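Report on one structure; see the data block that follows.
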Amino acid sequence: MTSPVTTISEIGKHEGQTVTIRGWLYNLRESGKLLFPIFRDGSGTIQGVVPKNAVPPEVFDAVKGLTQESSVIVEGKVRADKRAPGGYELDVSNVQVLQRVSEDDPFPISLKEHGVDFLMDNRHLWIRTPRQAAILRTRAEIIKAARDFFDDRGFVLTDAPILTPAACEGTSTLFPVDYFDEQAYLTQSGQLYIEATAMALGKVYSFGPTFRAEKSKTRRHLTEFWMVEPEVAYATLDDLMDLAENLISFLVNRCLEKRRADLQTMGRDVSKLEKIEAPFPRITYDEAVKMLQEGHAKGALETKFEWGGDLGSPDETYLSAQFEKPVMIHRYPAQVKAFYMEPDPQRAELALCVDVLAPEGYGEIIGGSQRIGSYDLLLKRIREHGLPEESFKWYLDLRKYGGVPHGGFGMGIERAVAWICGLEHVRETIPFARTLHRLYP
RNA sequence: UCCUCAGUAGCUCAAUGGCAGAGCAUCCGGCUGUUAACCGGAGGGUUGUAGGUUCGAGUCCUACCUGAGGAGCCA
């Protein structure tokens, strides 16, 4: 085949020309002496047309009865057709079958419905389907957009180690690993390390995987997930909220601009995304408590929320349902938050922190805070939380040598993707999800 | 760890305590505009595992295994 190779997503540029597509057979419809193979190549799908009286007999025979997901190189003429979902069809002139899938062991993912367990056992094949491919392309777009956002604003990428000697926040469960003669753990946040790089470089961010051995079984949890974590020297809580809302607006706008067709493939209601523009509503924890208590009085919430506790999942869902945009809740009681958060100078019982809740019940996608600047207060908090002082010696050094106000936040990529794509579960947002009961494939 | 639900053909699901079934997939045949194509035919089963109740168990009981959704915790 001598015609130029192109991708299905670019095929409209070749209308009237003969081109070569390299991909797989997605589906085949036969109507006697007329065959309709649908090809996919990773960039999209296109229907081919193979009339028996218009092609060499060997081409017709190669397509007739061809099995789903057989790999093929196809040559044909691109023709605009109103009947085609993508606007174009391929009048096939030549086909080379690289590997024919056996009828004895057909491709397991049919075009009909399947259950979660079966699909996750076959995740390595499930990702070939148009919907999953659209999700993975959108995830890639969101990651690229997040990096563009920070790179273009003077942030330096400083990735944190994945193997760590101790917990970043004493509470969550860690995955232990043997590290020669020592015990190491997989990181659960890069935050403490990027506080160090922020003191070196000013504005920094990390992007990488994090691991939490929590026995959580919900649509929002993975044991291995990816975070983008910016950290900024001299930043205040208001600076962080500005940064968070601008980041999220940027990500959503990029997807609307570049991945609109994929969002439609997923069935996403894009009108809801089009409302996502900074600024976002900002409410204090005190105001959130008031709203939750009103919600309970109206019967929308089962339990009455009392000041002082952390927000539960139903509470977050209720609060986010009151707004069309993500809502930023700030100044939680210090007692329910991490040891490193700066107290509010106005009210010492509050922490200068913020959680960003995505709309439509997707829950917390960002959590951040101003960090403690004082050496003495940080040491006091480490002792209060019963953390091993020796492990945090380097972290305390950051306050000993030129401590400054600073802060940052972490955004969970999978939750952000799940919300933007409108998915039921975060397991579809990552190529190979790791959950409580799943380590295969 | 706790609560709830589920497990029957390769897949998705039916079956009042009384002969284990359908659609899709596969195979055979038909069809020149199909859109999860359609039409006709065929093959395909240790009903998650181990016990128990019963004349008789896919169905009822007990334990266990596996998975899902949720709580807690979190991004």
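Chain letters run A, B, ... following the sequence lines, proteins first, then strands; residues in each count from 1. A quick note: this is a predicted structure, and the numbers were derived from the prediction, not measured.
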- request: Just compare B/G33, B/C74, B/A68 and give me whichever is closest to any side-chain atom of A/Arg83.
  value: B/G33

- prompt: Could you state the OH-C1' distance from A/Tyr440 to B/U66, rounded to the nearest angstrom?
  reply: 16 Å

Pi stacking test for A/His221 and B/C74: under 5.5 Å apart, planes under 30°: yes

query: With centres under 5.5 Å and planes under 30° as the test, does A/Phe36 stack with B/G33?
result: no

- request: Look at the side chain of A/Arg29 against the base of B/C31 and say whether a donor-acceptor pair falls under 3.5 Å; ignore hydrogens and angles.
  value: no

task: Would you check if the side chain of A/Asn94 reaches a backbone N or O of A/Glu75 as a donor-acceptor pair within less than 3.5 Å?
output: no

message: Which nucleotide wins on minimum distance to the side chain of A/Pro106, given the candidates B/G33, B/G70, B/U26?
response: B/U26

message: Could you check whether A/Lys258 pairs with A/Glu141 (Lys NZ or Arg NE/NH1/NH2 to Asp/Glu carboxylate O, under 4.0 Å)?
response: no

Donor-acceptor pair present, A/Asp117 side chain and B/U66 base, under 3.5 Å: no

- request: Could you check how far CD of A/Glu103 sits from C1' of B/U26, rounded to whole Å?
  value: 8 Å

query: In terms of side-chain geometry, is the basic nitrogen of A/Asp286 or A/Lys290 positioned less than 4.0 Å from the acidic oxygen of its partner?
result: no

task: Any chance you could lay out the ring pair (Phe, Tyr, Trp, His ring centres under 6.0 Å) test for A/Phe392 and A/Tyr340, step after step, and finish with the verdict?
output: CA-CA 11 Å; A/Phe392 290 94; A/Tyr340 49 71; 9.5 Å; no

- prompt: P atom, B/U34 versus B/U46: distance in rounded Å?
  reply: 41 Å

- prompt: Looking at B/C74, B/C24, B/U32, which one has an atom nearest to any side-chain atom of A/Ser110?
  reply: B/C24

message: On the nucleotide B/A68, are OP1 or OP2 found under 4.0 Å from the side-chain N or O atoms that A/His425 carries?
response: no

message: Between the base of B/G33 and the side chain of A/Glu89, is there a donor and acceptor pair under 3.5 angstrom?
response: yes

message: Does B/G69 have its OP1 or OP2 closer than 4.0 Å to a side-chain nitrogen or oxygen of A/Arg427?
response: yes

- line: A/Arg139 CZ to B/A75 C1', in whole Å, measures 13 Å

query: Do A/Ser216 and B/C73 have a side chain to base donor-acceptor pair shorter than 3.5 Å?
result: yes

query: A/Phe149 and A/Tyr205: aromatic ring centres closer than 6.0 Å?
result: no

message: The side chain of A/Arg220 is closest to which nucleotide in this list: B/A25, B/A71, B/C11?
response: B/A71

task: Check every strand shown and say whether A/Asp104 touches a base, only sugar-phosphate, or nothing at a heavy-atom separation below 4.0 Å.
output: nothing

Base B/U34 paired with A/Gln47 side chain (donor-acceptor, <3.5 Å): yes

